[in-house]
K.L.:
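Before I ask anything, let me first share the structure, which is written out below as structure tokens.
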Amino acid sequence: MTVTRVPPADWTDPRHRDGWHAEIAAGRWLVRQGWRIEAHRYRLGRHDLDLIARRGDLVAFVEVKARRSDRCGAGEEAVGAKKRRVLERVAWSWILKSGAAGDQYRFDVVVQSGQRGGETLRHIEDAWRPGWR
């Protein structure tokens, strides 16, 4: 089965485009902080990890959330238990495929908030710990 991917410029839902732009902004910000981006949207089936970043032997699996306002809750509140379990499963896939001996792993959340042109990024390091650590 071949899956045809629609390029982000052709996406019709502005929330998806906002999310894509937030992931790009978060990746650039992480690079400026000394991280190297190992993967963007690493997929396992229909699920993905937004960013996988490395600094030395520390690998961060980063979930990015974009919010124009906190009216419907803060971005980090959208990463509930079910979402965390899915992200942990995808992370295991990456670890088995690309992890190195001695690597340390953590799960981070980056929240982009505000309107276009005035966004701010907040990096929540070690946002949660899975049971397999």
Side-chain angles (χ1 to χ4, degrees):
M1 181 172 151
T2 303
V3 176
T4 305
R5 303 233 184 263
V6 177
D10 295 341
W11 294 349
T12 57
D13 189 332
R15 294 169 301 176
H16 293 169
R17 287 194 307 269
D18 289 347
W20 176 266
H21 291 297
E23 291 168 10
I24 299 299
R28 289 178 178 155
W29 184 85
L30 288 167
V31 166
R32 286 193 305 271
Q33 303 305 309
W35 294 86
R36 184 177 78 233
I37 303 302
E38 297 278 308
H40 177 214
R41 291 206 169 179
Y42 175 81
R43 297 190 64 81
L44 177 64
R46 64 186 183 92
H47 301 290
D48 67 25
L49 281 164
D50 293 335
L51 296 169
I52 302 173
R54 174 185 290 278
R55 187 163 53 193
D57 64 354
L58 177 61
V59 176
F61 301 107
V62 183
E63 178 67 7
V64 179
K65 292 296 180 188
R67 295 290 183 266
R68 290 184 181 155
S69 74
D70 286 344
R71 188 175 62 235
C72 294
E76 61 270 21
E77 293 174 2
V79 187
K82 183 177 178 181
K83 178 69 172 180
R84 289 192 304 264
R85 282 192 304 275
V86 167
L87 295 173
E88 291 165 17
R89 190 172 28 246
V90 179
W92 254 124
S93 168
W94 185 89
I95 290 168
L96 293 172
K97 193 177 200 180
S98 304
D103 278 349
Q104 298 175 36
Y105 304 101
R106 75 178 193 204
F107 290 85
D108 293 1
V109 175
V110 172
V111 179
Q112 181 189 54
S113 56
Q115 298 292 330
R116 278 263 163 135
E119 301 97 345
T120 60
L121 289 176
R122 190 174 68 233
H123 184 193
I124 304 164
E125 298 178 354
D126 211 7
W128 78 90
R129 296 191 176 198
W132 49 261
R133 284 180 74 169

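Excluded from the calculations below are hydrogen atoms, water molecules and symmetry mates; all remaining heavy atoms, backbone and side chain alike, are included.
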K.L.:
Any heavy-atom pair between the side chains of Tyr42 and Lys97 that's under 4.5 Å?
P.N.:
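Result yes, sub-4.5 Å side-chain heavy-atom pair found.
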K.L.:
Which atom pair, heavy atoms only, marks the closest approach of Ala53 to Leu30?
P.N.:
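Closest approach of Ala53 to Leu30, heavy atoms only: CB-CD1, 4.3 Å.
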K.L.:
Please check if atom CZ in Arg55 has more than 12 non-hydrogen atoms from other residues, nucleotides or ligands closer than 6.0 Å.
P.N.:
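Enclosed.
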K.L.:
Can you tell me how far CG of Asp48 sits from CD of Glu23, rounded to the nearest 0.5 angstrom?
P.N.:
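Output value for this atom pair is 7.0 Å.
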K.L.:
In terms of hydrophobic clustering (I, L, V, M, F, W, Y; side-chain heavy atoms under 4.5 Å; direct or indirect links), are Val90 and Trp94 co-clustered?
P.N.:
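Both belong to a single hydrophobic cluster.
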K.L.:
Quick one: are Leu49 and Val62 in side-chain contact, heavy atoms under 4.5 Å?
P.N.:
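Not touching, per the 4.5 Å side-chain cut-off.
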K.L.:
What is the distance from atom CD1 of Ile24 to atom CG of Asp50, rounded to the nearest 0.5 Å?
P.N.:
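Atom-to-atom, Ile24:CD1 and Asp50:CG are 10.5 Å apart.
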K.L.:
Would you check if Glu63 and Lys83 make a side-chain contact, meaning some heavy-atom pair closer than 4.5 Å?
P.N.:
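Of all side-chain heavy-atom pairs linking Lys83 with Glu63, at least one is under 4.5 Å.
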K.L.:
With under 30° as parallel and over 60° as perpendicular, where do the rings of Phe61 and Tyr105 fit, or are they tilted in between?
P.N.:
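Judged by the thresholds at 30° and 60°, the geometry between Phe61 and Tyr105 is parallel.
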K.L.:
Quick one: CH2 on Trp92 to CG on Leu87, what's the gap to the nearest 0.5 Å?
P.N.:
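Between Trp92 CH2 and Leu87 CG, I get 15.5 Å after rounding to 0.5 Å.
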K.L.:
Got a second to check how far Ser98's OG is from Arg54's CZ, nearest 0.5 Å?
P.N.:
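These two atoms lie 9.0 Å from each other.
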K.L.:
Starting at CZ of Arg89, measure out to CZ of Arg85 and round the result to the nearest 0.5 Å.
P.N.:
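Rounded to the nearest 0.5 Å, the CZ-CZ separation comes out at 8.5 Å.
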K.L.:
If hydrophobic clusters are built by linking Ile, Leu, Val, Met, Phe, Trp and Tyr wherever their side-chain heavy atoms come under 4.5 Å apart, do Ile52 and Leu58 end up in the same one?
P.N.:
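In one cluster: no.
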K.L.:
Name the orientation class of the two ring planes belonging to Trp35 and His123 (parallel below 30°, tilted from 30 to 60°, perpendicular beyond 60°).
P.N.:
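Trp35 and His123: perpendicular rings.
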